[in-house]
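See structure below.
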Amino acid sequence: MKTYPSREIEAKWQKIWEENKLYKTPEFPKKKYYMLEMFAYPSGDIHIGHFRNYIIGDAVARQKMMQGYEVLHPFGWDAFGLPAEIAAIERNVHPREWTLSNINVSRSTLKRIGLSYDWDREVITCLPDYYRWTQWMFIQLYKNNLAYRAQSLVNWCPTCKTVLANEQVEQGRCWRCKSEVTKKELEQWFFRITAYADRLLSGLDKLDGWRPNVKIMQRNWIGKSQGVEIDFEIENSDKKISVFTTRPDTIYGVTFMAISPENQLLKELKIDSKHAKAVEEYIRKSIQKSDIERTALGEKDGVFTGVYAINPLSKEKIQLWVGDYVLATYGTGIVMGVPAHDQRDFEFAKKYKIPLKVVIQPEGANLLVDNMQGAYTEPGIMINSDIFNGTWSSDGIQKVNQYVVDRGLGRLKTNYKLRDWLISRQRYWGAPIPIIYCQKCGILPVLEKDLPVLLPEGEIDFIPKGRSPLADVPKFVNITCPKCKGVAKRDVDTMDTFVCSSWYFLRYGDAHNGKEPFSKEKAKFWLPVDKYIGGIEHACGHLLYFRFFTKFLFDIGWLKVDEPAIELFNHGMVLDSEGQVMSKSKGNVSSPVDLIDKYGVDVSRVAMYFSAPSEREVLWSEEGITGAKRFLNRVYALLERMKTNGVEFDCNSISDKEKEIYKHLHRTIKKVSEDIDRLQFNTAIASMMEFLNQFETLSGDAKIYGYCLTVLAQLLAPFTPHLSEEIWSGLGKNISIFKCKWPEYNKEAVKFEQITIPVQVNGKLRSTLVVPVDVGEEEVKIKAVQDEKVKPYLEGKRILKTIFVKNRLINLVVK
RNA sequence: GCGAAAGUGGCGGAACUGGCAGACGCGCUGGACUUAGGAUCCAGUCCUUUAUCGGGUGGGGGUUCGACUCCCCCCUUUCGCACCA
């Protein structure tokens with residue numbers, strides 16, 4: 001058998017699709033479906049992982065088209081950002097040039113794959129007609145007090161020489177260059193995402209179409225925890241310091257307090273000369289440490305300040321220590337140390353010989369301070385706790401809270417791990433922050449009519465120096481104040497790329513709007529996204545940010561929905577055949593271009609779909625291609641073998657064998673339809689292979705031949721669009737297969753007339769019986785008992801019980 | 001450490017609500033057709049056995065007439081968070 005002419009077929013159909021604008025989405029169609037895949041970062045040509053992501057979305061989009069939906073299936077480029085800038089510096093070209101040329105290469109690859117994108121809606125975030133509206137978003141956030149500038153301790157990447165958002169620090173390292181992240185005190189712009197913490201959390205409960213793991217990751221990232229803030233007085237001072245705790249039931253066990261070295265309160269405390277030097281030294285050393293040095297491995301350390309605090313409940317005098325195991329940015333930055341009931345405090349106290357005090361006693365046991373190998377953190381009975389003695393600790397939490405609140409010793413508090421989103425970057429390649437600093441008028445947002453604030457082109461030295469390269473462009477920096485017309489300066493930082501990608505999905509519905517980011521009507525029509533497909537690596541970054549933007553735009557009346565996507569699907573990664581992540585440095589990157597050059601698009605697609613279910617990772621090797629190639633060759637050959645004309649046939653005049661095949665076909669329609677719904681493409685294809693195996697036994701002049709081929713072409717169309725179109729036109733159709741209705745299965749035909757059911761004796765398979773479908777227990781039992789293979793197992797035994805499941809099995813329990 | 005997912009032939013994987021484990025494909029073995037086969041077609045392919053019997057879904061226990069599937073304990077792998085008080 002010759003290989004089918006994939007190259008010609010692909011070129012032919014891609015041209016026809018383009019000429020007929022098959023994938024152009026109309027403006028306000030009757031029945032909409034928004035199929036979105038995460039847009040691409042143009043750091044080179046697209047790789048095999050993109051290929052997988054996009055062909056998954058493409059299959060869904062195509063099936064939806066065939067089901068009568070007008071599908072919004074757009075594509076775009078996340079084109080600003082550090083990686084492009086770094087690559088451009090390495091190659092000594094302008095980031096813009098580098099980015100746009102990558103986009104051109106990648107776009108033409110995507111077009112060669114023949115994906116069903118409406119290219120008229122393409123979005124490129126680094127172009128002024130897009131980033132103008134990114135800046136507009138900033139200004140709306142600013143006007144609503146959700147963008148603010150603050151001096152704070154921020155994550156600093158010493159290699160990239162820029163600050164990073166919390167979400168961009170992975171295990172203490174920069175998400176891009178993997179350098180250890182340090183802290184720096186800087187004044188920066190933040191988005192107040194924490195104002196939405198509760199809604200971002202509760203909104204997750206409504207997202208039934210999101211896989212649970214992403215929701216769990218977001219929940220953990222938001223990290224809501226309810227507790228109480230308790231005030232401690234300082235001895236010989238009128239100052240008070242507060243701690244946050246979720247275990248107020250252990251309050252009588254506090255034997256020290258620890259404050260983080262960065263805490264500003266340290267400067268206000270009166271530390272005597274005996275301790276001051278050691279404290280200062282300790283603070284200096286801690287702040288220099290990287291996050292990794294401070295958190296991982298090493299044992300906890302600290303230094304005593306000489307200051308004492310008073311426990312507001314027990315009135316005991318306790319030592320105040322500085323310890324860099326205390327996080328500066330969580331709670332109040334001060335913790336109460338309960339070494340008997342908190343493992344961290346336990347380690348710290350052991351090291352510095354701080355006393356332990358047991359206040360929670362496990363039921364029926366007696367903890368002895370001297371014998372404790374670790375903290376006891378489980379619930380128990382409160383002891384040594386004055387009026388609370390005898391209370392079960394989990395009830396004690398409520399009671400102590402009440403006590404504290406009633407006496408004004410503290411207040412209930414909810415804390416989140418989620419921090420505000422730091423969005424300024426000291427780099428060139430991003431959307432400039434649209435803010436003006438006027439000596440007289442202060443901080444002013446750029447007037448909306450003056451947008452975009454253009455990124456200066458031309459001779460710019462964008463090699464990182466630790467300050468934004470824009471600071472060195474006087475033409476950019478120095479302007480007149482829009483209010484007083486006096487001397488003013490622009491903000492010289494650019495925005496985190498994740499700001500650009502937080503709203504791109506809204507632009508697709510109205511990609512060329514020059515007056516607004518998007519029209520409200522169009523957004524109302526297209527949103528929410530029906531299905532969003534992308535990698536799971538964005539779980540706590542982009543996928544949180546775009547929810548935040550959606551909620552914000554909902555609040556200010558631009559959107560009618562407050563969650564962006566109904567369904568989220570995270571496809572698995574594509575790894576090399578040894579299970580390694582593909583990367584340029586390892587030289588194990590597979591290119592989809594090589595693949596489609598060698599085998600054709602449809603064969604490559606089938607090989608990828610068939611290799612694993614979509615959510616699972618794929619160890620990619622070309623070995624799997626063979627099966628896909630054979631399969632499609634055999635499908636193509638069906639057309640040449642056909643000797644009948646047309647697809648009509650009379651149900652009453654077909655042979656039994658044809659009837660069998662007809663029924664098999666309808667079971668296949670059912671299976672494929674259901675499998676596409678749950679993105680189980682591997683089993684959808686397997687079922688079509690099974691059908692093909694039977695179909696091939698049919699002679700070319702069989703009455704149902706044409707009909708079977710028609711339906712098979714349709715079922716295959718989401719996966720092999722080019723081949724399906726070719727077969728379709730070969731069958732005499734003169735309209736695209738994607739404009740024709742997706743086949744529906746005949747409910748009668750999918751039923752079996754006869755089925756084979758297993759006969760078990762004591763749960764072990766002994767025989768099988770062929771019986772009419774829906775037959776009753778008695779009839780099956782009679783047959784089963786008489787079965788030659790079953791008989792020996794019944795000899796001399798009594799049937800105690802018969803388990804019969806209709807159309808499933810019969811099990812005889814004997815003794 | 002905490003959280004999540006997963007562990008099935010030589011390999012990728014199937015078995016959706018407990019009901020014939022290994023669909024479908026790759027690979028392999030044998031055969032056919034061929035000057036040739038890295039093309040195609042046919043047959044076989046979990047282990048053991050000539051066949052039956054028996055065993056078998058990471059390991060151990062349990063529930064059940066019946067467990068890859070449910071429950072408990074353990075092991076391994078991958079991912080996420082990582083001193084969040």
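Side chains included, hydrogens not; waters and symmetry mates left out as well; all remaining heavy atoms used. Here is the naming used below: chain letters follow the sequence lines, and residue numbers restart at 1 for every chain. Computed from a prediction, not measured in an experiment: that's the story for all the values here.
- Pairing of B/C2, defined by two Watson-Crick or G-U wobble distances under 3.5 Å, is identified with B/G80.
- The separation between A/Tyr793 atom OH and B/G54 atom C1' is 10 Å, rounded to whole Å.
- A/Phe681 places its CZ atom 14 Å from the P atom of B/A14, with the value rounded to the nearest Å.
- Residue A/Lys764 has its side chain nearest to B/G55 when only B/A85, B/G55, B/G13 are considered.
- Base contact: A/Arg419 has a heavy atom under 4.0 Å from a base atom.
- Using a 4.0 Å cut-off between charged side-chain N and carboxylate O, A/Arg211 and A/Glu615 make no salt bridge.
- Using atom C1' as the reference point in both B/G22 and B/A32, the two lie 29 Å apart (nearest Å).
- Ring planes of A/Trp175 and A/Phe498: tilted class, angle from 30 to 60°.
- Mapped onto RNA chain B by nearest heavy atom, A/Val169 and A/Asp345 fall at different nucleotides, with A/Val169 at the one closer to the 5' end.
- Classification of the A/Phe348-A/Tyr325 ring pair by plane angle, with boundaries at 30° and 60°, yields tilted.
- Under 4.0 angstrom from either OP1 or OP2 of B/G80 there lies no side-chain N or O belonging to A/Arg211.
- Between A/Arg766 and B/C65, a side-chain N or O to OP1/OP2 separation shorter than 4.0 Å is absent.
- Taking both residues in full, the closest heavy atoms of A/Val400 and A/Met382 are given as CG2-CE, 4.2 Å, listed atom of the first, atom of the second, then distance.
- Rounded to an integer number of Å, the gap from A/Arg219 CZ to B/G3 P is 15 Å.
- Rounded to whole Å, the C1' atom of B/U78 lies 25 Å from the corresponding atom of B/C71.
- Pair assignment for B/C24: B/G12, on the basis of Watson-Crick or G-U wobble contacts that are both within less than 3.5 Å.
- Note: CZ (A/Arg641) to C1' (B/C41) measures 12 Å, nearest angstrom.
- Within 4.0 Å (heavy atoms only), A/Pro613 reaches sugar-phosphate atoms of the nucleic acid but no base atom.
- The P atoms of B/G1 and B/G54 are separated by 44 Å, rounded to the nearest whole Å.
- The CH2-P distance, from A/Trp620 to B/C11, rounds to 19 Å in whole Å.
- Taking atom CG on A/Leu320 and atom P on B/A85, their separation rounds to 20 Å, with Å as the unit.
- Distance check on atom P: B/G58 versus B/G10 gives 13 Å, rounded to whole Å.
- Look at A/Asp594 and A/Lys598 and you find no salt bridge, because none of the NZ, NE, NH1 or NH2 atoms lies under 4.0 Å from a carboxylate O.
- Within the structure, a side-chain polar atom (N or O) of A/Gln171 is placed less than 4.0 Å from OP1 or OP2 of B/C81.
- Residue-environment remark: CD (A/Gln343) exceeds the threshold of 12 foreign heavy atoms within 6.0 Å.
- In this structure, A/Tyr4 places its OH atom 14 Å from P of B/U40, rounding to the nearest Å.
- Nucleotides B/U50 and B/G59 are separated by 34 Å at their C1' atoms, to the nearest Å.
- Counting distance only, with no hydrogens placed and no angle test, the side-chain atoms of A/Lys417 and the base atoms of B/C81 include no donor-acceptor pair under 3.5 Å.
- Under a 3.5 Å cut-off, the side chain of A/Arg52 and the backbone N or O of A/Met608 do not form any donor-acceptor pair.
- Residue A/Val326 is classed as a base contact, given a heavy-atom separation below 4.0 Å to a base.
- Note on A/Glu347 versus A/Lys350: no salt bridge recorded, every NZ/NE/NH1/NH2 to OD/OE distance being 4.0 Å or above.
- Salt bridge annotation for A/Arg219-A/Asp205: present, with a cationic side-chain nitrogen under 4.0 angstrom from a carboxylate oxygen.
- Scanning both residues, A/Ser286 and A/Asp324, for their nearest heavy atoms gives OG-OD2, 3.4 Å.
- With both ends at atom C1', the span from B/C33 to B/C41 equals 8 Å, rounded to whole Å.
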Detail all sub-3.5 Å separations between protein N/O atoms and N/O atoms belonging to nucleotides 67-69 of chain B.
none

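- Across every non-hydrogen atom of A/Ser6 and A/Gly600, the tightest pair is OG-CA, 3.9 Å.
- As a whole-Å value, the separation of A/Tyr416 OH from B/C81 C1' is 19 Å.
- B/A5 and B/C11 have their C1' atoms separated by 22 Å, given to the nearest Å.
- B/U69: no Watson-Crick or G-U partner with both key distances under 3.5 Å is found in any strand.
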Per-nt protein contacts along nucleotides 19-30 of chain B (heavy atom under 4.0 Å; B base, S backbone sugar-phosphate only, - none) come out as BB--BBSSS---
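- Both A/Gly172 and A/Arg678 sit near RNA chain B, but only A/Arg678 has its closest nucleotide nearer the 5' end.
- In B/G66 the O4'-C1'-N dihedral to the base is more than 90° from 0, which defines an anti nucleotide.
- Ring-plane geometry between A/Phe691 and A/Phe695 is classed as tilted, the angle between the planes lying from 30 to 60 degrees on a 0 to 90 degree scale.
- Taking a pair to require two hydrogen-bonding distances under 3.5 Å in either a Watson-Crick or a G-U wobble arrangement, B/U40 pairs with B/A32.
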